[in-house]
Every structure is written in C-alpha cells, then in structure tokens.
Amino acid sequence: MLPDLFADDHRDVQLGPGAAILGGFALDVADALIAHVRHMSALAPFRHMETRSGKHLSVAMFNCGSLGWVSDRSGYRYDAIDPETNRPWPALPPLFLDLAGRAAEALGFNGFVPDACLVNRYVPGSKLSLHQDMDERDHSAPIVSVSLGLPATFLWGGRQRSDRPARHRVVHGDVVVWGGPSRMTFHGVGELKAGDHPATGEARYNLTFRKAR
Ligand code: MD6
Ligand code: FE
C-alpha cells in the first residue's frame, strides 16, 4: 500500500498497516491552525484534566467540534458540553475539517469527517504515557494527529502496553494518521524538551481528530 506517496519524501514514515507520519503535511496551514487554536482557547480554556485517580494530566487540553474528550473523577467520556464553561465546545473550523479529511485520504481512508478535535498543549516536562484511543464508538474511522511548534518524541508501541515502543521525532507541520489494523496501537509522547519555536514559543500543540460517534 501507499505507493508513490512515500517514494519522494524521506520524511514520511510508514508505522504499520494504515498508519504513517506524513512529514510536513500541515506546514502550509500551520500558522492559520495556531491562530485558530489561540482564538478558540479564549472560548474554551486549556485545562489540566483530572483522572479517575485524582491526578492532573501534565498536558493541558480543550476540544473543538460537536463532541469533546473529557476526563474527570468518574473516568473518560465524550461530552457535547465543556464542563468548565457549561457551553458547547467551539465549532470545528472548516480548515481543520479539510486538513483532517485530506490527511486521512492520503492513507486511503476516504470520507473521514471528524466530530471531535482534542487540542493538546505540551510545555517542557509534559508527557503522555502509553495509551490506546478507545473511547470512540466507531473504530473503523482513523485518527489524524497534527504536531505544531516544538518537536516531540512520538512513542509507537504495539497491541499490548508492555510492547516496547519505537521512538519517532515529530516536528512542526507533521501529521500522523492511523486506522484500520493499527487503530488500537499503544502510543504516547515522551517528555517534552525545552525549546523556543518561532510559531508557538515554549510549547508544542497537537490536534487530534477523531470520529467519536
Ligand atoms: C500527541 N497524540 O501527539 C498525542 N492519539 O500529542 C495522541 O495521543 C494520539 O497523536 C491517537 C492518534 C494520534 C495521536
Ligand atoms: Fe492518543
């Protein structure tokens, strides 16, 4: 699969069946994506969500789209209402929808229309431990993930948490897509290193598009 898509750009990395890093795929719209993130974060502020065990995630998050991923003492869920503001999440900007659809299509997932976009903000020291994205109802849809700002180490594991993950550098403008047989692969993000990026300062943003329902 993925014939010429990977022939001419050495920064594209195939991770497994239905999964790849598309190097620089979002570069031409990166500044516009960041402007949207800044605007939307005034409507739905970044927050450190609590987990069932009462810890707070080191990654700060908000959502846009008709559904948003939420974690609190009762566990994880998708919710149409932001519990911080008691209002719906900001709408998905058309630019976000268009980018996610094109990236999914590059891997052969046609007609991907996400209803949820989780926006993550990492600062130096933030990390995301190995997990599976399993709170979505429809596992036949892929996930599309956009990296903005400071570089990070993307951890790509296996079907089991104990499978030792491969480490891949993801940089500003890279897009990771996975679905099909790779949809339930364990993955995470290594501790962010300090740095200063012209587009985001001392932070990394990540947009993760899903079809939750
Ligand atoms: C991140 N991403 O890259 C965190 N999940 O900041 C994820 O957890 C993720 O990138 C599913 C698919 C792609 C991802
Ligand atoms: Fe994930």
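Counting convention: from 1, in listed order, for ligands and their atoms alike. Counting from 1, the numbers follow the sequence of the chain as shown. Keep in mind it's a predicted model, so treat the numbers as computed, not measured.
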Would the number of heavy atoms belonging to other residues, nucleotides or ligands and lying under 6.0 Å from CZ of Arg164 be above 12? no

Side chain to side chain, Tyr78 and Glu136, heavy atoms closer than 4.5 Å: yes

Does Arg87 CZ have over 12 foreign heavy atoms under 6.0 Å away? no

Tabulate below the donor-acceptor pairs under 3.5 Å that side-chain atoms of residues 99-124 make, not counting sequence neighbours, or state none.
| unit_1 | atom_1 | unit_2 | atom_2 | d |
| --- | --- | --- | --- | --- |
| Arg102 | NE | Asp98 | OD2 | 3.0 |
| Asp115 | OD1 | Ala212 | N | 2.7 |
| Asp115 | OD2 | Arg213 | N | 3.1 |

Do you see a donor-acceptor pair shorter than 3.5 Å between the side chains of Asn63 and Trp69? no

Protein N/O/S atoms under 2.8 Å from the Fe ion (ligand 2): how many? 3

Check whether the side chains of Arg204 and Ser147 place a donor and an acceptor atom closer than 3.5 Å, and report yes or no. yes

Sidechain-backbone polar pair: Thr200 side chain, Ala203 backbone, donor-acceptor under 3.5 Å: yes

To which residues is Leu155 joined in a hydrophobic cluster, defined by side-chain heavy-atom contacts under 4.5 Å among Ile, Leu, Val, Met, Phe, Trp and Tyr, whether direct or through other members? Leu130, Phe186

Can you give me a line-by-line list of nitrogen or oxygen pairs between ligand 1 and the protein shorter than 3.5 Å?
| unit_1 | atom_1 | unit_2 | atom_2 | d |
| --- | --- | --- | --- | --- |
| ligand 1 | 3 (O) | Arg204 | NH2 | 3.2 |
| ligand 1 | 3 (O) | Asn206 | ND2 | 3.1 |
| ligand 1 | 5 (N) | Asp133 | OD2 | 2.9 |
| ligand 1 | 5 (N) | His187 | NE2 | 2.7 |
| ligand 1 | 6 (O) | Tyr122 | OH | 2.5 |
| ligand 1 | 6 (O) | Arg204 | NH1 | 2.8 |
| ligand 1 | 6 (O) | Asn206 | OD1 | 3.4 |
| ligand 1 | 8 (O) | His131 | NE2 | 3.1 |
| ligand 1 | 8 (O) | His187 | NE2 | 3.3 |
| ligand 1 | 10 (O) | Ser145 | OG | 2.6 |

Could you state the interatomic distance from CZ (Arg210) to OG (Ser145), rounded to the nearest 0.5 Å? 8.5 Å

